[in-house]
Amino acid sequence: MRVLVTGAGGTLGTTLAPMLAEAGHEPVLQDVRALRTPYEFVRGDVRSPGEVVAAARGAEVIVHTAAIHGIHLADHSPRDFYDLNLTGTLNVWEAAVEVGARAVVFSSTMGVYKSHNAPGEGAALREDVPLRPGDVYGWTKVAGEELCKLYGRTHGIPSVALRFGMFVPEPFFRYGIRLLYGGVDTRDVARSVMASMEALTSGRILWGAFNVESVVPFTEEDGPQLRSDPLPVLDRYYPGASDLLRGRGVGTLAPITVYYPTDHAADVLGFRPERNFDRWLEELRGRPEERAEKSPPWP
Ligand SMILES: NC(=O)c1ccc[n+]([C@@H]2O[C@H](COP(=O)([O-])OP(=O)(O)OC[C@H]3O[C@@H](n4cnc5c(N)ncnc54)[C@H](O)[C@@H]3O)[C@@H](O)[C@H]2O)c1
C-alpha cells in the first residue's frame, strides 16, 4: 500500500519508513524540512491544506506524526501548538477525505491523561478513564482524537489514536529506567503503527484509542509501594533488579505514580511491546560499563 507519513523526518518516521518498505508498502514521506532518504519525499507543511493534499494523492493510509510535543512546551506558544497540531490534523483529515484514503493512524500521547497522577487516584491509566490533559500539548491531542472520531462518523474512514509513551532518544541508562515511567522503545512505537494499519485496512476496527507504553507487571495493589519506594516492587517482578541497579549507582528511584496497561492494544490490535524493562535489565547485565549518571536516574 502507498502510505503517507507526515513529519517523517522525526524519531518515529525514521524508524517507521524502513519497516513499511520491508513489509512491501510504498512509503511517501512528508516533512517541512528537507530529508535525505531513499524513499519518495514530498516537502510540505501540514499547516497548508494544499500541501497535505498534494502529498496524500494516491495514499491508502495516512500516518500522521507531524507535531510539536512535550519537549517543545518550553519554547513554543499555545498558538504554535494549536496551529501545527490541531490545524495540521484537520488538514490531514480533509486530505484523507479528498484523496479517498482508507485509514488514518493518529499519533496521540499519554499526555492526554496528564493530570491524573494526583494522590488518592488509581495508578492504572486505562484507555477509558476520562481524559484530563494538563497542558496545551495534551489538549491538542485530545482534540485530534475527537477529530478522528468525527471524521469516522461523518465520512466512514476508520482510524486509531495511539497514545504513545515517551520515546524521545535518551542515553541507555535513562532510556531503560524510563521504561518504568511510561517510556517505550521507538521500534515498538513503529510496530504499533504497523499493527494498526493492518487492523484498520482489514476492516477489523473502525475506531480505537490505545495505550502504547512499555509493558509493566504492576497491579493496583502495588500502587502505594510504587509511590513510596519502587525498588522492592521491582524485586518482586524482576528478581535481583535492585542489587543490579544499586551496583550501578542507583540509590533510589523516583515514585511511580501511574502506569499504562497495554492489554487493550494486545486484545484488539494484536500488538504487544517487545522491548520492555526485563529485556533492558538483561542488556544492562551484559554492559558492565553502564552506570547511572544521577540517582534517581529518571526523570
Ligand atoms: N517522541 C515522544 O516521546 C512522543 C511521545 C508521545 C507522542 N508523540 C507524538 O508522536 C508523533 C511523532 O513524534 P516524534 O518524536 O517522531 O516527533 P519529532 O519531533 O521527532 O518529529 C516531528 C517531525 O515533524 C516535522 N514537522 C514539524 N513541523 C512540521 C510541519 N509544519 N509540517 C510537516 N512536518 C513538520 C519536523 O521537521 C520533524 O521531522 C508526534 O505527533 C508526537 O506528538 C511523541
Side-chain angles (χ1 to χ4, degrees), residues 4-17 19 27-37 39 41-56 62-76 79-92 95 104-114 125 133-145 147-148 159-170 174-175 178-179 181-193 196 209-214 260 273 298-299:
L4 171 65
V5 182
T6 69
T11 307
L12 172 52
T14 49
T15 302
L16 179 63
M19 228 182 244
V28 181
L29 311 187
Q30 190 212 31
D31 207 289
V32 74
R33 59 193 167 90
L35 302 185
R36 286 170 60 170
T37 168
Y39 308 110
F41 173 62
V42 185
R43 192 163 178 175
D45 188 330
V46 293
R47 291 168 298 188
S48 156
E51 290 179 19
V52 184
V53 171
I62 303 179
V63 180
H64 178 37
T65 87
I68 45 176
H69 45 99
I71 56 169
H72 302 106
L73 281 164
D75 55 0
H76 285 75
R79 189 169 302 280
D80 293 337
F81 277 89
Y82 195 99
D83 289 348
L84 176 48
N85 294 10
L86 208 50
T87 306
T89 302
L90 179 70
N91 290 342
V92 162
V104 171
V105 177
F106 176 63
S107 305
S108 188
T109 171
M110 66 187 199
V112 296
Y113 304 118
K114 199 159 189 172
L125 293 179
D135 53 43
V136 69
Y137 167 55
W139 181 85
T140 61
K141 295 295 186 177
V142 174
E145 291 194 11
L147 274 180
C148 293
S159 64
V160 292
L162 300 178
R163 295 178 181 163
F164 300 139
M166 288 171 279
F167 59 93
V168 176
E170 285 279 0
R174 279 175 61 79
Y175 152 85
R178 186 178 66 176
L179 295 173
Y181 297 83
V184 60
D185 189 283
T186 309
R187 290 160 286 189
D188 282 325
V189 172
R191 286 179 53 244
S192 74
V193 174
S196 300
F210 300 94
N211 286 345
V212 178
E213 284 76 24
S214 69
Y260 306 83
W298 179 266

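Each ligand, and each atom within it, is numbered from 1 in the order the structure gives.
Residue contacts with ligand 1 include Gly165, since one of its heavy atoms falls under 4.0 Å from the ligand. Remark: distances from the non-hydrogen atoms of Lys141 to ligand 1 include one below 4.0 Å. Using a non-hydrogen distance threshold of 4.0 Å, Gly70 does not register as a contact of ligand 1. Between Asp45 and ligand 1 there is a heavy-atom distance shorter than 4.0 Å.
Counting only heavy atoms of the protein, atom 6 (C) of ligand 1 lies nearest to Phe164 O, 3.3 Å. At the top of the distance list for atom 16 (O) of ligand 1, counting protein heavy atoms only, stands Leu12 N, 2.8 Å. Closest protein heavy atom to atom 27 (C) of ligand 1: Val32 CG1, 4.0 Å. Distance from atom 20 (O) of ligand 1 to its nearest protein heavy atom, with residue and atom name: Thr11 N, 2.9 Å. Nearest to atom 36 (C) of ligand 1 among the protein's heavy atoms is Asp31 OD1, 3.4 Å. Of the protein's non-hydrogen atoms, the one nearest atom 13 (O) of ligand 1 is Phe167 CZ, 3.7 Å. Among all non-hydrogen protein atoms, the one lying nearest atom 24 (O) of ligand 1 is Gly7 CA, 3.4 Å. The nearest protein atom to atom 42 (C) of ligand 1, hydrogens excluded, is given as Tyr137 OH, 3.7 Å; this is a heavy-atom distance.
Residue-to-ligand polar distances keep Gly13 apart from ligand 1: every N/O pair is separated by 3.5 Å or more. Remark: ligand 1 and His72 share no N or O pair separated by less than 3.5 Å (distance only, no angle test). The distance criterion of under 3.5 Å between nitrogen or oxygen atoms is met by His69 with respect to ligand 1. For Gln30, no nitrogen or oxygen atom sits less than 3.5 Å from a nitrogen or oxygen atom of ligand 1, counting backbone and side chain alike. Polar contact with ligand 1: present for Gly10 (N/O pair, distance under 3.5 Å).
Nearest heavy-atom pair, Gly138 versus Val112, reported as atom, atom and distance to 0.1 Å: O-CG1, 4.0 Å. Nearest heavy atoms, Gly144 versus Thr89: CA-CG2, 4.2 Å. The minimum heavy-atom distance between Ser214 and Leu179, with the atom names listed, is OG-O, 2.7 Å. Pairing each heavy atom of Tyr181 with each of Met110, the nearest pair is O-CE, 4.0 Å. What you find for Glu145 and Ala209 is that their closest heavy atoms are OE1-CB, 4.1 Å.
Using a 4.0 Å cut-off to heavy atoms of Ala66, the atoms of ligand 1 that qualify are 24 (O), 33 (C), 34 (N), 35 (C). Under a 4.0 Å criterion applied to the non-hydrogen atoms of Val168, ligand 1 contributes the atoms 1 (N), 2 (C), 3 (O). For ligand 1 and Gly44, the ligand atoms under 4.0 Å from any heavy atom of the residue are 32 (N), 33 (C).
Contacts between Ala8 and ligand 1, counted as non-hydrogen atom pairs separated by less than 4.0 Å, are absent for every part of the residue. At a 4.0 Å heavy-atom cut-off, ligand 1 touches Leu84 through the side chain alone.
Thr65 places a side-chain N or O within 3.5 Å of a backbone atom of Thr6 that can act as its donor or acceptor partner.
The side-chain heavy atoms of Arg178 and Val168, taken from C-beta on, include a pair separated by under 4.5 Å.
Side chain to side chain, Tyr113 and Arg163 meet the donor-acceptor criterion of an N or O pair below 3.5 Å.
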